[in-house]
There are 2 protein chains.
Amino acid sequence: MKAPRDVPNALLESLKSLGLTKYEALVYIGLLRTAGATATEVHEISGVPRASVYPVLDRLVQKELVSVSHTTPKRFDAVPPDQGVENLMRRIESDARSAREALDVFYREKELEGRGDRELVWTIYGEENIRTRLAGMFGSAERSVEVLATWDILKGSVLPLLESAPDPVPVDIVTERWEGEQPSRFRLHILPLAGLRETRLPTENLLPYEQSGVFLVDNSRALLWMGAVDGQPSALYSESEGLVLFVRRHITTVTEWAKAAVQ
Amino acid sequence: MKAPRDVPNALLESLKSLGLTKYEALVYIGLLRTAGATATEVHEISGVPRASVYPVLDRLVQKELVSVSHTTPKRFDAVPPDQGVENLMRRIESDARSAREALDVFYREKELEGRGDRELVWTIYGEENIRTRLAGMFGSAERSVEVLATWDILKGSVLPLLESAPDPVPVDIVTERWEGEQPSRFRLHILPLAGLRETRLPTENLLPYEQSGVFLVDNSRALLWMGAVDGQPSALYSESEGLVLFVRRHITTVTEWAKAAVQ
DNA sequence: TAAATGTTGTTGCTAATATAACAACAAGGT
DNA sequence: ACCTTGTTGTTATATTAGCAACAACATTTA
């Protein structure tokens with residue numbers, strides 16, 4: 001009989017987050033390695049106590065991960081991984097749907113009451129969240145959109161979002177280089193960094209980071225993309241006068257430097 | 001201050017299966033209903049003990065469900081439900097991917113060793129699983145495919161699968177009616193049930209069920225679709241001589257009856 | 001200014017619950 | 001008589017939930 005050869009811990013964790021317990025995972029994996037095992041064999045292969053194997057198998061059948069024979073003793077067989085994982089995901093996705101709907105009810109209530117976060121500075125974690133916020137900012141712009149960011153960030157994450165800015169609103173972009181054709185939709189300001197290096201201007205402070213940038217909309221809402229600190233990128237968002245003013249000045253200053261350098 | 005108004009239990013369960021604990025769910029929901037709450041306010045709104053609120057908020061930030069302000073005291077805000085649920089699903093889907101890959105490794109090992117389930121009868125639960133098995137049967141057919149099933153099951157689940165049968169293999173279908181054009185790819189045998197009713201033949205035993213059918217491939221592999229017993233449909237699958245013979249005779253008999261009735 | 005009060009954020013401990021593991025046994029087959 | 005299957009109840013163990021106490025700091029009051 002096969003040994004209850006041990007299972008990578010990462011796999012157990014993954015299966016747990018798909019809704020299986022440790023035993024369910026072990027039994028399913030054990031069954032994948034055999035064809036039609038009895039409960040006792042399942043116990044031997046998976047290392048799960050024999051008595052626990054019965055309820056576990058019941059649950060796995062319920063979850064559409066194993067099928068049962070009609071012999072006595074019963075024999076069990078695993079559904080192929082693709083199929084099985086899909087069966088699990090179906091349940092989870094349906095949960096996600098209903099959760100989303102129920103949560104929206106709560107969320108809508110808040111929308112009515114005005115937002116009181118005008119003076120606060122928020123930290124946003126995760127690129128997805130940052131991009132969503134940026135899209136919201138650009139989409140609701142009424143007078144101006146100003147972007148000062150490294151090319152990598154523009155290319156990878158920001159440019160598609162800028163499309164959502166309303167047409168009449170001017171979009172200023174300051175960056176250190178541009179690949180591909182220069183779009184007429186935006187007002188581009190390229191910083192000749194290579195050239196600047198040779199002047200005595202403090203170029204290291206111009207665009208000193210990889211993957212960073214500042215974004216200002218309507219002179220009233222600012223977002224600071226801080227790049228990846230500990231794995232996932234984070235950003236600051238604020239509508240406070242202070243931070244907006246800071247960003248306002250920062251962009252102006254850099255643009256002025258750029259002009260000076262070109263001359 | 002808002003009351004910790006209670007939360008539908010189904011929602012808590014859904015969020016749990018997305019990987020949140022009860023507290024995490026309560027705090028997230030509480031935050032959805034406010035704009036920028038301090039830890040203490042979160043405690044008041046969600047009903048979660050104040051001391052527990054801090055670690056819970058940490059975890060929610062980690063999971064990209066809430067953002068933090070930079071004030072003292074810190075203020076917390078929830079990301080919108082759509083976004084939040086999507087962030088959770090991203091983790092789960094990545095787990096699903098890695099689990100599928102890891103499981104496949106185990107599964108492949110078994111593929112090599114010949115299948116020893118020739119004499120067994122398997123119960124398959126869930127329409128998805130049944131259809132997968134049927135697709136496998138049809139796809140690997142070498143000499144014959146025979147189908148005896150009610151029209152509802154054919155139309156809803158089986159016909160698309162039959163396309164996967166190799167071209168030279170003859171496909172016989174026996175059913176009680178046919179909507180749409182009759183495909184030349186299959187040999188159709190329509191049972192004039194309405195007419196049969198008036199004879200003294202035991203028509204009730206011909207196609208007595210809703211949503212049922214039998215499938216036979218190469219005279220060696222049979223599947224009995226048993227319809228929905230307790231919610232989800234189930235089926236028997238077997239390569240055993242006994243069951244195959246039974247199905248063989250069943251199909252033949254019904255076909256003969258049909259001929260007799262037409263005459 | 002100093003004491004009183006209140007709030008934030010931490011730490012460590014206890015209670016409740018879900019999961020895991022074991023022991024014992026009835027039913028049936030050899 | 002023996003072995004195996006399947007069931008039941010009981011005991012550990014881990015995770016989650018809940019509580020109490022406190023240091024740090026800010027705000028109020030005498």
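The model shown is predicted, which means the values in this text are computed figures rather than measured ones. Letters A, B, ... are given to chains in the order of the sequence lines, protein chains preceding strands, and every chain is numbered from 1.
Look at CD on B:E24: it is 10 Å from C1' on D:dT16, rounded to the nearest Å. Whole-Å rounding puts the A:E13 CD to C:dT19 P distance at 14 Å. Separating the CG atom of B:L12 from the P atom of D:dA17 is a distance of 10 Å, rounded to the nearest angstrom. Spacing between atom CG of B:L20 and atom C1' of D:dT15 amounts to 15 Å, rounded to whole angstrom units. Taking atom CZ on B:R75 and atom P on C:dT7, their separation rounds to 14 Å, with Å as the unit. Counting to the nearest Å, the C1' atom of C:dA18 and the CZ atom of A:R59 are 10 Å from each other. Note: NZ (A:K74) to P (D:dG6) measures 7 Å, nearest angstrom. The nearest whole Å value for the distance from the CD atom in B:E44 to the P atom in C:dG6 is 15 Å.
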Throw together a table of side-chain donor-acceptor distances under 3.5 angstrom for residues 56-66 of chain A, partners on residues two or more places apart or in other chains.
residue : atom : partner : partner atom : Å
A:R59   : NH1  : A:E24   : OE2          : 3.0
A:K63   : NZ   : A:G19   : O            : 3.2
A:K63   : NZ   : A:E24   : OE1          : 3.0
A:K63   : NZ   : A:E24   : OE2          : 3.4

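For the 3.5 Å distance criterion, the side chains of A:E128 and B:N87 fail to qualify, holding no donor opposite an acceptor. No hydrogens or angles considered: nothing links the side chains of B:R221 and B:S238 as a donor-acceptor pair under 3.5 Å.
Looking at B:Q83, its side chain never comes within 3.5 Å of a backbone N or O of B:P80 through a donor-acceptor pair.
Interface residues of residues 49-57 of chain B facing DNA chain C, ordered by number: B:R50, B:A51, B:Y54; criterion, heavy-atom separation under 4.0 Å.
Listed here is the closest heavy atom pair of B:F106 and A:P8: CZ-CD, 4.3 Å.
Residue A:T21 places no side-chain N or O under 4.0 Å from the OP1 or OP2 atom of C:dA18. OP1 and OP2 of C:dT7 both lie 4.0 Å or more from every side-chain N or O belonging to B:T40.
Between B:E127 and B:R131, at least one side-chain nitrogen of the basic residue sits less than 4.0 Å from a carboxylate oxygen of the acidic one, meeting the salt-bridge criterion.
For A:Y54, the OH atom is densely surrounded, since the number of other residues' heavy atoms within 6.0 Å is greater than 12.
Residue order along DNA chain D, read from the 5' end via each residue's closest nucleotide, puts A:D58 first among A:D58 and A:K16.
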